[in-house]
**Q** 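Structure incoming, see below.
Numbers for residues simply follow the sequence, beginning at 1.
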Amino acid sequence: MAEVKEKIARKVASFFKPGDVVNLGIGIPTMVGNYIEDGVWLHTENGLIGYGPAPEKGKENEYLTGAGAQFLTAYPGAAAFDSATSFAIVRGGHLTATVLGALEVDEKGNLANWSRPGVIVGMGGAMDLVNGAREVIIAMEHTAKGGKHKILERCSLPLTGAGVVTKIVTDLCVIEVAKEGLVLKEIEEGVTLEEIREKTGARLIVPQHLEKR
């Protein structure tokens, strides 16, 4: 399972280029930091730009952590600041992208990732991030436990943001959220279109030429 998550993280990391400023959420999104190209600036909302991959075990610095309390490393030139400045960066539209997980995402680009009945996961800075970043990429496993759909026609859980998601990357495929709906862009090697349709609770638009990854 860890290998599957790492594969999703590597795919997401491939979208970014030097000069991009990217915020990573918790879980699979955090793993994206291990595969980022040199020159991509990672931002964390508790006040740091310029962090790198997770530190080696035993070399963690308790004063260098992300918003999810995970240990970080810092590249030369990294900058630390207070939370007010950090959220000014987010709200000012200076983030190229944010990468988050999801409980549900739908064909309108709506995102639910902070609360479900009886369980409050915790929103953190997600509402600011999804409205401030120029692109919102969801990195997640395609279905929940028991095969329950996470990609739906309409989200049923409380929303984090409405119409904010631009791209969905799962263990099965890459989906782009377009005005006309969910456009299938890539299929994982060994996965069939029928399997993706079965595990997706929304209509998929399938172009004639579909890339394998």
**Q** CD of Glu56: more than 12 outside heavy atoms within 6.0 angstrom?
**A**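 Open: at most 12 neighbouring heavy atoms sit under 6.0 Å from CD of Glu56.
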**Q** Short question: side chain of Asn34, backbone of Pro53 - any donor-acceptor pair under 3.5 Å?
**A** no
**Q** Can you list the residues that meet the side-chain contact (heavy atoms from CB on, under 4.5 Å) rule with Asp82, with sequence neighbours excluded?
**A** Ala84, Thr85
**Q** Hey, what do you get for OH (Tyr51) to CD (Gln70), rounding to the nearest 0.5 Å?
**A** 6.0 Å
**Q** May I ask you to test the Leu111-Ile138 pair for a side-chain heavy-atom distance under 4.5 Å?
**A** yes
**Q** Quick one: does Thr200's side chain have a donor or acceptor within less than 3.5 Å of a partner on Ala202's backbone?
**A** no
**Q** Examine distances only and state if a side-chain atom of Ser14 and a backbone atom of Lys11 form a donor-acceptor pair shorter than 3.5 Å.
**A** yes
**Q** Does Ala54 offer a backbone N or O that forms a donor-acceptor pair with the side chain of Thr73 under 3.5 Å?
**A** no
**Q** So do Ile36 and Phe16 actually touch side chain to side chain, heavy atoms under 4.5 Å?
**A** yes
**Q** In chain order, what residues pass the side-chain contact (heavy atoms from CB on, under 4.5 Å) check against Thr65, with sequence neighbours excluded?
**A**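 With neighbours one apart ignored, the set is Asn46, Phe71.
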**Q** Do any N or O atoms from the side chain of Thr170 and from the backbone of His142 form a donor-acceptor pair under 3.5 angstrom?
**A**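 Not a single qualifying donor-acceptor pair exists.
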**Q** Output the distance between atom CG (Leu48) and atom CG (Leu64), rounded to the nearest 0.5 Å.
**A**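 If we round to the nearest 0.5 Å, Leu48:CG and Leu64:CG are 6.0 Å apart.
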**Q** Main chain of Lys17, side chain of Asp20: is a donor-acceptor contact present, judged purely on distance under 3.5 Å?
**A**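 Judged by distance alone, yes, a pair lies under 3.5 Å.
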**Q** Applying side chain to side chain donor-acceptor pair (under 3.5 Å) to His149 and Thr143, what does each step give before you reach the verdict?
**A** CA-CA 5 Å; His149 291 158; Thr143 57; over 6 Å; no
**Q** Should the pair Arg203-Glu107 be classified as a salt bridge under the 4.0 Å nitrogen-to-oxygen rule?
**A** no
**Q** Under 3.5 Å, side chain of Glu198 to main-chain N/O of Ile196, donor-acceptor pair present?
**A** no
**Q** I'd like to know if Lys7 and Glu188 make a salt bridge, using a cut-off of under 4.0 Å between side-chain N and carboxylate O.
**A**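 Yes, this pair counts.
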**Q** So, are Lys150 and Glu141 salt-bridged, with charged N and O less than 4.0 Å apart?
**A** no
**Q** Determine, for Glu195 against Lys199, whether the closest basic-nitrogen to carboxylate-oxygen distance falls under 4.0 angstrom.
**A**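 Result for this pair is yes, salt bridge flagged.
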**Q** Test question: given the 4.5 Å side-chain rule for I, L, V, M, F, W and Y, name all other residues clustered with Val183, or answer none.
**A** Ile205
**Q** Under 3.5 Å, side chain of Asp106 to main-chain N/O of Cys155, donor-acceptor pair present?
**A** yes
**Q** How long is the gap from CZ on Arg134 to OG1 on Thr98, to the nearest 0.5 Å?
**A** 12.5 Å
